[in-house]
Amino acid sequence: MSYHNPYKLFLPQHTPSKHRVVALYSSDGWDELKAIATFDNRWDAVRLADALNELLAGTGLAPEFVMEAVHSAPGPVRAEVERIAEKISSDVESDMNLFGKVHNKYLDALYRPSICGVMRFPVRSPIFDDSGSEIDRDTAADLDEDEYYFETIITPRTAEALRTAGVVAADEIKHPDLSYGLPPALEGQKPGFYKKLAQCFENLVDDLNRGDDPEPRSMGEEIALWLMLADAEEFPDSDMEPASIRDLPESEHDYSFDELREALYQDHDFRDLLHTGKKVMGLSLDEVFKPFRNPPPRQRRRPTATRN
């Protein structure tokens, strides 16, 4: 199938003072580069480039991602991006194959993960006084530390660390030749168990790619999230830190993993399975992966969040 869209790829371009989004597009049979937007912050340029690339790929949430990326941009920038997005959208359907995929060799070579979903997470946490009423930072500054508290949040950098941990874990669990360090209680299971466990990681990664809190919906997902939190905790200030972290804004609430171990769980009953040494063989697959009644199951046909 031929590729009709004149736009091939969007890339962020960084200088010490400015951050641009550059379009690679075809004009009269030649590929050309053109700057389409300039931002003060690195992450704004990366976010817009990623959103437009997702639109090129026909990703379901891409139109939302594009609008979010230019929400605070100057009017002329928004108008230019909207014009480009309209052109892309009009050509995407004709470029899709029978499986709903767009074959674009430039996108296929772009491995860097999109930050659109994780940029939906907040940078600043709401503050509440001891009565539970939300207050602003100026009001909090006049109070003693025990008279107010921050709501536990997942920040963009925390979300990216968790997302990366989940992607790595799912891939290694699905491939026996790779070595993922599962707790002893999870060793020695049949292939079907590990296939379902890998799917638990992928479900949580999909939540993060959408900008949704990774809420476990089964004991298997509780275990997967617990392992993701442990792995992500090793990333900051280490050689393992994902390169994509630097494309995201910093927050005073980054990497609040201890707080998240409480906030993201209804209880910690699953830990008995991990830490008592009892083998999962004592439970059936249906029990480990049986969906909870609350939170409700994810929608089966959700719009796609990423091309990868």
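Atoms considered below: every heavy atom in the structure, side chains included; atoms not considered: hydrogens, waters and symmetry mates. Small disclaimer: the values here were computed from a predicted structure and weren't measured.
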Quiz prompt | Y194 side chain near L182 side chain, heavy-atom distance below 4.5 Å | solution = yes
Quiz item: Any side-chain heavy atom of S125 within less than 4.5 Å of one from T152?
Solution: no
Quiz item: Do the charged groups of R83 and E86 touch, with an N to O distance under 4.0 Å?
Solution: no
Quiz prompt | Evaluation steps, side-chain contact (heavy atoms from CB on, under 4.5 Å), between M228 and R163 | solution = CA-CA 8 Å; M228 286 166 60; R163 192 202 67 80; over 6 Å; no
Quiz item: Taking R120 for the side chain and R210 for the main chain, is one N or O donor matched with an acceptor at less than 3.5 Å?
Solution: yes
Quiz item: Of all heavy-atom pairs between C200 and G220, which one has the smallest distance, and what is that distance?
Solution: SG-C, 3.6 Å
Quiz item: Under the salt bridge (Lys or Arg N to Asp or Glu O under 4.0 Å) test, which residues partner E233, sequence neighbours left out?
Solution: R261
Quiz item: CG of N53 to CG of L9: how many Å apart, nearest 0.5 Å?
Solution: 5.0 Å
Practice problem: Side-chain contact test, heavy atoms from C-beta onward, threshold under 4.5 Å: evaluate it for I36 versus L52 and give yes or no. | Solution: yes
Quiz item: How many angstroms lie between CD1 in I127 and CD1 in I135, if you round to the nearest 0.5 Å?
Solution: 6.0 Å
Quiz item: For Y106 and K8, which heavy atoms make the closest approach, and how far apart are they?
Solution: CD1-CB, 3.6 Å
Exercise. Any salt bridge (charged side-chain N to carboxylate O under 4.0 Å, His left out) involving residues 219-232? Give me the pairs, sequence neighbours left out, ordered by first then second residue.
Key: E221-R298
Exercise. Test side-chain contact (heavy atoms from CB on, under 4.5 Å) on F10 and L48 and set out the steps.
Key: CA-CA 9 Å; F10 296 88; L48 178 57; over 6 Å; no
Quiz item: So with a 6.0 Å cut-off around CZ of R293, is the heavy-atom count from everything else above 12?
Solution: no
Practice problem: List in chain and number order the residues that pass side chain to side chain contact (heavy atoms under 4.5 Å, CB included) with D138, two or more places apart in sequence or in another chain; answer none if no residue qualifies. | Solution: D136
Quiz item: side chain to side chain donor-acceptor pair (under 3.5 Å) with T158: which residues, sequence neighbours excluded?
Solution: T155
Self-check item: R124 CZ: over 12 foreign heavy atoms closer than 6.0 Å
Solution: no
Quiz item: Can you find a heavy atom in the side chain of P295 that is under 4.5 Å from one in the side chain of Q266?
Solution: yes
Practice problem: Could I get the full list of side chain to side chain donor-acceptor pair (under 3.5 Å) partners for E82, not counting sequence neighbours? | Solution: none
Quiz item: Taking E160 as the fixed residue, which of D247, V118, L208 is the one that meets the side chain to side chain contact (heavy atoms under 4.5 Å, CB included) rule?
Solution: V118
Quiz item: Please, which pairs that meet ring-ring contact (aromatic ring centres under 6.0 Å, His included) have at least one residue in residues 114-142, sequence neighbours excluded?
Solution: F128-Y149
Exercise. Identify, with sequence neighbours excluded, every residue that meets salt bridge (Lys or Arg N to Asp or Glu O under 4.0 Å) alongside E134.
Key: none
Quiz item: Using the ring of each side chain (for Trp, its six-membered ring), is Y265 parallel, tilted or perpendicular to F270, with breaks at 30° and 60°?
Solution: parallel
Quiz item: In Å and rounded to the nearest 0.5 Å, what is the CZ to CG distance from F201 to L204?
Solution: 8.0 Å
Practice problem: Please check if the side chain of R157 supplies one atom and the backbone of S251 the other of a donor-acceptor pair under 3.5 Å. | Solution: no
Quiz item: What pairs with S72 under side chain to side chain contact (heavy atoms under 4.5 Å, CB included), at least two apart in sequence or on another chain?
Solution: none
Quiz item: What's the spacing between L11 CG and L24 CG if we round to 0.5 Å?
Solution: 7.5 Å
Quiz item: Is there a path from L186 to F289 through hydrophobic residues (I, L, V, M, F, W, Y) whose side chains come within less than 4.5 Å of each other?
Solution: yes
Quiz item: Which pairs pass ring-ring contact (aromatic ring centres under 6.0 Å, His included) with one or both residues in residues 32-58, sequence neighbours excluded?
Solution: none
Practice problem: Drop me the distance from L260's CG to H253's NE2, to the nearest 0.5 angstrom. | Solution: 11.5 Å
Practice problem: Start with the C-alpha gap between I245 and F235, add the side-chain angles, then the distance that decides, and say whether side-chain contact (heavy atoms from CB on, under 4.5 Å) holds. | Solution: CA-CA 10 Å; I245 289 289; F235 289 156; over 6 Å; no
Self-check item: More than 12 heavy atoms from other groups under 6.0 Å of NZ on K34
Solution: yes
Quiz item: Given V21 and V81, is the side-chain contact (heavy atoms from CB on, under 4.5 Å) satisfied, shown in steps?
Solution: CA-CA 10 Å; V21 177; V81 170; over 6 Å; no
Quiz item: About how many Å separate OG of S114 and CZ of F65, when rounded to the nearest 0.5 Å?
Solution: 6.0 Å
Quiz item: If Ile, Leu, Val, Met, Phe, Trp and Tyr residues are connected whenever their side-chain heavy atoms lie under 4.5 Å apart, and connections chain through other members, are L264 and M219 in the same group?
Solution: yes
Practice problem: Specify the closest pair of heavy atoms between G58 and T304, including all atoms of both residues, with the distance to one decimal. | Solution: O-OG1, 4.4 Å
Self-check item: Sequence-distant partners of Y25, side chain to side chain donor-acceptor pair (under 3.5 Å), two or more places apart
Solution: E32
Quiz item: Between K290 and E287, is there a side-chain N and carboxylate O pair less than 4.0 Å apart?
Solution: no
Quiz item: Do the side chains of M119 and D50 get nearer than 4.5 Å, heavy atoms only?
Solution: no
Quiz item: For F292, what are the other residues in its hydrophobic cluster, where any two members join if their side-chain heavy atoms are less than 4.5 angstrom apart?
Solution: none
Quiz prompt | Side-chain heavy atoms of N294 within contact of P296, under 4.5 Å | solution = yes
Quiz item: Looking at C116 and R47, what are the two nearest heavy atoms and their distance?
Solution: SG-O, 3.6 Å
Quiz item: Do L55 and L110 share a hydrophobic cluster (ILVMFWY, side-chain heavy atoms under 4.5 Å, transitive)?
Solution: yes
Quiz prompt | Backbone of K87 reached by a side-chain donor or acceptor of S90 within 3.5 Å | solution = yes
Exercise. Please answer: with hydrophobic residues joined when any side-chain heavy atoms are less than 4.5 Å apart, are L162 and V123 in the same cluster?
Key: no
Self-check item: Heavy-atom closest contact (A85 atom, V66 atom, distance)
Solution: CB-CG1, 4.3 Å
Exercise. Identify whether I223 and F257 are in the same connected component of the hydrophobic contact network (ILVMFWY, side-chain heavy atoms under 4.5 Å).
Key: yes
Quiz item: Taking only residues two or more places apart in sequence, or in another chain, which ones meet K18 in a side chain to side chain donor-acceptor pair (under 3.5 Å)?
Solution: D40
Self-check item: Pairwise side-chain contact, L225 with E215, heavy-atom cut-off 4.5 Å (strictly under)
Solution: no
Self-check item: Pairwise side-chain contact, R217 with D207, heavy-atom cut-off 4.5 Å (strictly under)
Solution: yes
Exercise. Of all the heavy-atom pairs spanning Q299 and R302, show the shortest one and how long it is.
Key: O-CG, 3.2 Å
